Asker: 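Take this structure, written in C-alpha cells, and hold onto it; I'll ask about it next.
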Amino acid sequence: MLDLTWLLIAVPLASSLVLILLGKRADAWGHWMGLAASTAAFVVGAGAFLQMLGLDAESREHAVHLFTWISGGELTVDAGLLVDPLSITFVLLVTFVGTLIHLYSVGYMEHDPRRRIFFAYLNLFVAAMLLLVLADSYLLLFVGWEGVGLASYLLIGFWNHKPEYATAANKAFVVNRVGDVGLIVAMGLMFAAFGSLSFETVFAHVGDVSTGQLTAIGLALLVAATGKSAQFPLQSWLGDAMAGPTPVSALIHAATMVTAGVYLIVRSAAIFDLTETARLVVAAVGAITLLMGAIIGMAKDDIKKALAASTMSQIGYMMLAAGLGPIGYAFAIFHLLTHGFFKAGMFLGAGSVMHGMNDQVDMRRFGALRTAMVVTWVTFGLGWLAILGVPPFSGFWSKDKIIESAFVGEGWQPWVFGLAALIGAGLTAYYMSRLFFMTFHGKARWTDDAHPHESPWTMTVPMIVLSVGSGLLGWFLATGDRFTTWLEPVTGHAEHHEPVLAVPVIMALTLVLVAIGAGLAWFQYGRAEVPTTAPAPSLGTMVARNDFYQDSVNRAVFQRPGTHATRTLVYADAALVDGAVNGTGSGLLKLGEFLRRFQSGQVRSYAALILIAVAGLIAAVVLGVL
Amino acid sequence: MNPIAFVYLATVLFGIGAAAVLLRRNAIIAFMGVELMLNAANLALVAFSRIHGEIDGQVMAFFVMVVAAAEVVVGLAIIIALFRARQTISLDEPAELKG
C-alpha cells in the first residue's frame, strides 16, 4: 500500500480531468464520481497509514520513486514521494475532511448548474494538496503549492459572474504569488548551498552551511508560508476569499490549503533548528497574526469573514508553535489537525445556516436558529467548544499545549509569546461566542423572506462526523502522547522543558480568560438585544472591521508606488528605448526619401549622373586622392 | 604627326558624343552619341597603343568594336520595342522607374 501512494494523486487528478473533458455528458453523475475519487484517495491513504502503524518508528519513512523528472548532464532531478508520519497525517486530514466536504457539496451545490465543474476543481485541489504534502523535494512540493493556489483561485472565483468575487479571486492569486516568490528564492538559495532540492540531501547537509545562509533560507520559506497561510503581512486575501462557495472555505481556506505554510515550516524543521533568528521571526509572525486575527474576528458581522479571521488567528497559533522549535513542531501539527476538524465543521455549519437563510451572511439577521436547525446548532456548538479550548474537547488538548510551550524559554520571549497566546485564547473565546450566540441564540432577527430549515442529509452527515472529531480527536490523540510520539521520527525528540509559569497556573489562567470572554459575549450578544444594523462603531471596532486597514496600507505602500514605478518605466521605455528604435527607423526613412529623388526615371539624368561620377573618379585618380 | 593630337581629337569626339546623349531627347540621336563615345574611346586606345609602342590598345579596340556591334543590335531592338509600345522614341517619355 505504501508503494501505491501515487494513486492518491493520480485518482483525483484523473477524475478532475475526466469531469472537465466530458463536459455536459457528465452533469448527471459527475458529482458522485468526484466523491468516489476522493473516497478512493482516502481508502489508499488509510491503507498506507495502517501499514505504517505496523512498522517500527525508525522504518516509517518510505520513499517512493516515481520517475526521473529532469535529466541533464550532472544534474538529475527525480520526482518521488516521501511517505512518513507527517505526510501521512496530512494525507489522512486532506482525504478524510475532503471526502466529507465532497459529500456536503453534493447537497450544497445541488441547484448550481455548474456543479460538475465545481467537483472537477475540488478533485484538482485534492490532487494538488496531496502532491504538496507527499513530495520528496522542494521542487515537487512547489508544483503542488502552485496547484493548490490555482485550485483556490478557481474556486474563490467560482461565481465569477459577480465582479467582486472575481476580484477576490484575483486578489488571492496575486497575494499568493508574492509568497511564492519567497519559495522560489528559498529554492534558489538552497540550490546554491546544497546543489539539490530534495529533502534528503538538504536536511543531511544543513550542518555544512553557515548560519547566515540558513537564516536567509528560513526567512524566504517564512515569506512563502505567510502568503499561503494568510499570515501577517500577507493576510489580506483570506477575508475576501470567503467569496467562494462555503465548502471551499471549509476545505481550502480553513482545514487544508491555508495550513500548507505550517507544513512547510515543520517539514523544514532541520533548517529552522539551526537558525534561531528565523525561528524567532516565525514565532513573532505567528503571535502578531493570532492577535490580529482575533481582534478582526471580534468586529466582523459577516459570519464567514468572522470565521476567516478566526482561521487566521488559529494558524497564527500554529506558526507560533512552529517558531518555538522542536518543542512546538508536533503541537503545531496537532493543532492543525484538530483545527482542521472543528473549523471545517463550523464552516460547514455556517454554510448550512446560509443554505437555510437564502444565503444571508449577516449575523445581525440570524438569531434563535437553534430551534430551526437542531443538527447544525449541536454540531456547530461542538466546534465552538473545541475552538474555545474547553476541556475535554479537541481544541483544549492542542491549544493548551501551544500556550504552555510558548511560556517555555529564557529572557523576554516566553513572556511575550506566552502572554500573546494567552490573551489570544481570551479573545478567541469572545469572538467565537459572539458568533455563536448571535447566530443561534437570542431573538430571531430574520429578514421577511427567510424560512430557516435543516439541510439535507448529505450536508448534515459530514457536519456530524466532523463534530465528533471536534469533540474527541484531541483527547484521543493526546492520551499517552500518541500524536507527539507518532510524529517523533520527523520532528525529532523534544526534551521536556518547564515553562516559566507552572503548568496548572497557565491552564487555570487560560480557562479563566476563556470564561470571561465567553461570558462577556453572552451578556452582549446572547442575553441582550442585538440591533439589526451595526451601531456606530468605536475607533477600535472601526479599525478591526476594516482589517487594520490592511488593504489601504497595501494600496499606499505597494500598489500606488508600484503603479507609479510601472508608469515611469513605461514612459522611459517609450521615450528612450522605443525612441532609439523608432528614431533609427524614421532616420532611415528620411534618408530613403532623400535618395529617392535621384531615382527620377529619366534616362538622361541617369546618364548625366554616371558621367559626372566617372569624371569625378577619374579626377580623383589623377589628382592622387584615392 | 604627333600621336597626342589623336588623343585630343578623341576627347573632343567623346565630348560631342556625351553631349548628344545628355542633351537630345531622340533615342536614335542619343544612340548615335553612344556610338560616337565608343569610337572616341577606340581612337584613344589606338593612339595610346601607338604612343607606348605596344599592341594591347589595338587589340582592345577590336574588342570594343565587337561589343559595340552587339550593343547596336540590342539597342536598336529596344528602340523599336519602345516605339511599338508608345508610338514615340523620346527618351523623356518612359519614366515608369521613377521612385
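Owing to the predicted nature of the structure, the values given are computational and were not obtained by experimental measurement. Naming: A, B, ... by sequence-line order, numbering from 1 per chain.
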Asker: Can you tell me if CZ on A:Phe594 sees more than 12 non-hydrogen neighbours from other groups inside 6.0 Å?
Answerer: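 Not buried by this count: 12 neighbours or fewer within 6.0 Å.
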Asker: Residue by residue, which of residues 43-71 of chain B have a heavy atom closer than 4.5 Å to a heavy atom belonging to chain A?
Answerer: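 Near chain A, by residue number: none.
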Asker: Is it true that atom CZ of A:Phe173 has more than 12 heavy atoms of other residues, nucleotides or ligands lying nearer than 6.0 Å?
Answerer: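 Counting other residues, nucleotides and ligands, CZ of A:Phe173 exceeds 12 neighbours.
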Asker: What residues of residues 17-40 of chain B make heavy-atom contacts with chain A at a cutoff under 4.5 angstrom?
Answerer: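 So far as heavy atoms go, B:Ala18, B:Val21, B:Leu22, B:Leu23, B:Arg24, B:Arg25 are the residues that approach chain A to under 4.5 Å.
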Asker: Would you say CZ of A:Phe558 has more than 12 non-hydrogen atoms from neighbouring residues, nucleotides or ligands within 6.0 angstrom?
Answerer: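 At most 12 heavy atoms, drawn from other residues, nucleotides or ligands, come within 6.0 Å of this atom.
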